[in-house]
Amino acid sequence: AQKVTQAQTEISVVEKEDVTLDCVYETRDTTYYLFWYKQPPSGELVFLIRRNSFDEQNEISGRYSWNFQKSTSSFNFTITASQVVDSAVYFCALRRSGGSNYKLTFGKGTLLTVNP
Amino acid sequence: DTEVTQTPKHLVMGMTNKKSLKCEQHMGHRAMYWYKQKAKKPPELMFVYSYEKLSINESVPSRFSPECPNSSLLNLHLHALQPEDSALYLCASSQDLKLSGANVLTFGAGSRLTVL
């Protein structure tokens, strides 16, 4: 069985602060994919990043960075110099690489509020 | 603009009504999905279509009836719903179910349904 845990239900920061959203996953598969999605108040889930289980390189995209550590089954997401527009619910998700891989297992989400 | 378009954005219906939610994508994706999302919860998979055929039904009650008229369109027909069916209904698409779990799901903005 697969499981994704986002222990932080809500985080509130002041603009320009750095913030890290935690994601811990469980899977028996050796190959899998991890995702982060952002859901602003408008409702649409916006894809942010995909990482496969063989690629442990950290990734940076502008103010966003991701730290994948297979040894601790974590895929954490950091926003540097947060902005009000970053306010949203962020979901971490896991998907099998082969077999019946149609299903995304989502974490419960972290609501990030960035205050001006 | 989102590449997956859902209409209507908001729908209010009585328990005896029949209504439909519509989803359209023009990315050439051959897998399409319906998700249901309750407030402060992650999306839950309902149905998956692959090449216009229903591949997955996650034990959804028959009052929800999906339809895929062609590769670009996905409908969700609603009949005799209950107030607990009130939720955000998200449509998503991905390139191909047969590919690996690397498939990225592109989501629409959702249809917010209220059942009175």
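Order of the sequence lines sets the chain letters (A, B, ...), proteins ahead of strands, with each chain counted from 1.
- Taking the six-membered ring for Trp and thresholds of 30 and 60 degrees, Phe68(A) and Tyr25(A) have ring planes inclined between 30 and 60 degrees apart.
- Taking the six-membered ring where tryptophan is involved, the planes of Phe77(A) and Trp36(A) are tilted, since the angle between them lies from 30° to 60°.
- In this structure, chain A has a heavy atom under 4.5 Å from the side chain of Val48(B), while its backbone stays farther away.
- Between chain A and the options Arg112(B), Lys41(B), Gln37(B), heavy-atom pairs under 4.5 Å are most frequent for Gln37(B).
- At least one donor-acceptor pair closer than 3.5 Å links the side chain of Lys38(B) to the backbone N or O of Ser86(B).
- Neither the backbone nor the side chain of Tyr32(A) has a heavy atom closer than 4.5 Å to any heavy atom of chain B.
- Contacts with chain B were tallied for Arg50(A), Lys108(A), Arg51(A); Arg50(A) has the most, counting heavy-atom pairs under 4.5 Å.
- Looking at Glu44(B), there are no atoms closer than 4.5 Å to chain A (heavy atoms on both sides), in backbone or side chain.
- No donor-acceptor distance shorter than 3.5 angstrom exists from the side chain of Glu3(B) to the backbone of Thr106(B), with no hydrogens or angles considered.
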Given the rule in the salt bridge (charged side-chain N to carboxylate O under 4.0 Å, His left out) test, do Arg30(B) and Glu52(B) qualify, once you have shown the distances and angles that lead to the verdict? CA-CA 7 Å; Arg30(B) 303 312 299 269; Glu52(B) 294 104 69; 2.6 Å; yes
